[in-house]
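Each remark here refers to the structure printed beneath this line.
Protein chains get the first letters and strands the later ones, always in sequence-line order, with residue 1 at the start of each. The analysis underlying the following values was restricted to heavy atoms, covering all of them including side chains, and did not include hydrogens, waters or symmetry mates.
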Amino acid sequence: MGDVGGQEASGQLELIRSALPRKPRRAASTEATAAHLPVAAVLVDTGLAHLDRPFEYTVPESLDEAAQPGVRVKVRFAGQDLDGFVLERKDAAEHEGRLTPLRKVVSPEPVLVPEVLSAARATAERYAGTLGDVLRLAIPPRHAAAERALATEAPEVGALPDAAERSAWSRYPAGRHYLTHLESGGAPAASWLALPSGGDPASDWPAALAEAARATLAGGRGTVVVVPDHRDVRRVDAALTAALGPGRHVRLTADQGPQARYTAWLKVLRGHVQVVVGTRAAAFAPVRDLGLVAWWDDGDDLHEEPRAPYPHVRAVLAERARLAGAALLSAGFSRTTAVQAWLQTGVVKPIEAPTATVRQAVPRVRVAGEGVELERDPAAASAHLPSLAWRTAKEALARGPVLVQVPRRGYLPSMSCQTCRAPARCQQCHGPIALPAFGAPPACRWCGRGVAGFECSRCGGHTLRSSVVGARRTAEELGRAFPGVPVHTSGSGEVLEKVAATPSLVIATPGAEPVADGGYAAVLLLDAWASLDRPALTAGEEAVRRWLGAAALGRGAADGGVAVLCGAPTHTTLPPVEALVRWDPAWFAERELDERRELRLPPTVRMAALTAPRRPLEEALQTLQSQGLPDTAEVLGPLPAGEEALRHLVRVPLDDGPAMASALAALRGVRSAHKESATVTIRVDPSDVGT
DNA sequence: GGCGCGAATAGT
DNA sequence: CTATTCGCGCCT
């Protein structure tokens, strides 16, 4: 450390050193610079918010050819060797000081293509994050062996198969037009409300998405399909193989392992395939001539990236569609308020089936009360099922499998009467009784009073039970109630992909429901109360999404399909319950969005959250206000947020979203430059508020 | 984040 | 006067 190594940056030292009879330490410092475009703008991975911008380096002649825009490089930065991406080659530097030469080109593969760079930049801006963070999400880690092993040239694939005779879009009047538009190179944008397929793979949503990809490919353009989880990836993968033939698409998921993941990704980069299906990171896939971005089930929280800056698939894909002039398709059995907002502003058009078609395709929905008719039926009581649900299941088990959806254990520790399962109510104010925290005694969620001497207002019972029982226990109880019927469970631990058409009971948590061959004869949705009674703003939206998602696996009413919602309040009709009964997700989304607008909540406004202990939080807020926070911004709070921390919410009209994000990014930069030690969490679109 | 630089301070 | 420490600003 004693010598002056690592100070090439200093002009004076450089002069002194070159005057001394000493050998230059590095060949690069004496090597000639490339004649053409001698400067490279490099995004250096410093991990520091205030250094999240390009720095310029000279390109040594020996690296001239390899140092193309998009390649990974090593550069000397502040005395260290750091990784970076070449963003651009230019003929002159903007930086006035002396430039250091690039140290090396890690690989000549230009992994950062312009379109992905633009999308990543837009994403970083929208979420007040760093470009470096977004690129880490967008570009998988390099795997040298994979790079070597994969052919440069695309392998030969046969002709694109003809479109299937029976279109999965035939039930949607606007569907045909959408497909022709895709094929002819247009950019139609739609919110598609899918219908249940009654277990027919030729008309289900994966087939429809594959058909859309086929139409896009027939017009010479590529497609990105993003789905929430691996099971859906496999379903769409199979549908794509059927629609496109082999070798025209790849799967891209985080769990593939480094080599497989990088190989698949390289196939996309090198243009061997133009169609990708994957989970959220696939939204950034460098598809050539992108013609369509599509995603399934916008409301699934898996579409939200859990790493900074927490971008949502919806935002990434919308930006990619915009940049590429590509079509956009948000698909699902239900519609989120975020997509509804697009619909209202004309960003997307609806693709929906006519009411008569819907009535046939969806199961008949019935609502079993909060335990009203329970006691009379001992078999039902032992399974803790309303008797309507029990009778429905018993009848349906003669015709095929029955799905029972059970909210996740611990999802909401809300209490009900052990005897009749009516939701437990506070004696004073009639608010819901719940477990406020793990291990804490039950209390009223409204007035906070503890529960002493509970007495059920319906049956006079004195024992409380947690209304969410969990899949395993429900499975045991149901197994006893229907002796001789095979029972399967599917949940977070192990997820069943599909079940046969033969009679069986399938107990599943939301999102883990297996597909049934030929559709379920009946679908029971348990503990509706638990889903509705969450404190979150999105409780209603989320409940509708889950119920429709499960009920959509049932047979249509025309084929005897039935869905029973259990444990919903019957004395009043709640909008989510009505949405299910009428199978009208469009109506519900519209209504829900109107309500958000009235309350000035996302997605009708943009919000950000600042979370920190009191002192640093208030400092951060001051800095934020000095960094160009628009004066339309309202600062709400602070409210307690976990141990020791407080949280401010900042709210601006949608138009001022970019200005707010840039002020937040500036705040992040200032804090990083000052090496503030206290953690201040900055988050745009905090997921627990609204959208 | 890491490092060099200059100001401030302690030790001779 | 020099040796050490500390805070600050810069990094192409």
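The interatomic distance linking A/Glu676 (CD) with B/dG1 (C1') rounds to 15 Å, in whole Å. If you measure from atom CZ of A/Arg76 to atom P of C/dC11, you get 16 Å, rounded to the nearest angstrom. Regarding A/Phe77, its CZ atom lies at a distance of 8 Å from the P atom of C/dC11, rounded to whole Å. What separates CZ of A/Arg103 from P of C/dT12 is a distance of 14 Å, to the nearest Å. One atom, CG of A/Leu48, and another, P of C/dT12, lie 14 Å apart when rounded to the nearest Å. Rounded to whole angstrom, the span from the NE2 atom of A/His95 across to the C1' atom of C/dC10 amounts to 11 Å. Between the CD atom of A/Glu88 and the C1' atom of C/dT12 there is a distance of 14 Å, rounded to whole Å. In this structure, A/His674 places its NE2 atom 14 Å from P of B/dG1, rounding to the nearest Å.
A donor-acceptor contact under 3.5 Å is formed by the side chain of A/His50 with the base of B/dG1. Within 3.5 Å, a donor on the side chain of A/Lys675 pairs with an acceptor on the base of C/dG9, or the reverse.
One side chain, A/Thr632 or A/Asp656, offers a donor N or O that lies under 3.5 Å from an acceptor on the other.
Within 4.0 Å (heavy atoms only), A/Leu99 reaches sugar-phosphate atoms of the nucleic acid but no base atom.
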Counting only pairs under 3.5 Å, give me each side-chain donor-acceptor contact of residues 250-264 of chain A, with atom names and distances, residues two or more places apart or in other chains.
| from | atom 1 | to | atom 2 | distance (Å) |
| --- | --- | --- | --- | --- |
| A/Arg251 | NH1 | A/Asp237 | OD2 | 3.1 |
| A/Thr253 | OG1 | A/Asp255 | OD1 | 2.6 |
| A/Gln256 | OE1 | A/Thr253 | N | 3.1 |
| A/Gln256 | NE2 | A/Arg251 | O | 2.9 |
| A/Tyr262 | OH | A/Glu147 | OE2 | 2.9 |
| A/Thr263 | OG1 | A/Gln259 | O | 2.7 |

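Taking 4.0 Å as the cut-off between side-chain N and carboxylate O, A/Glu109 and A/Arg270 count as a salt-bridged pair.
Proximity of the aromatic rings of A/Phe77 and A/Phe55 is defined here by a centroid distance below 6.0 angstrom, and this criterion is met.
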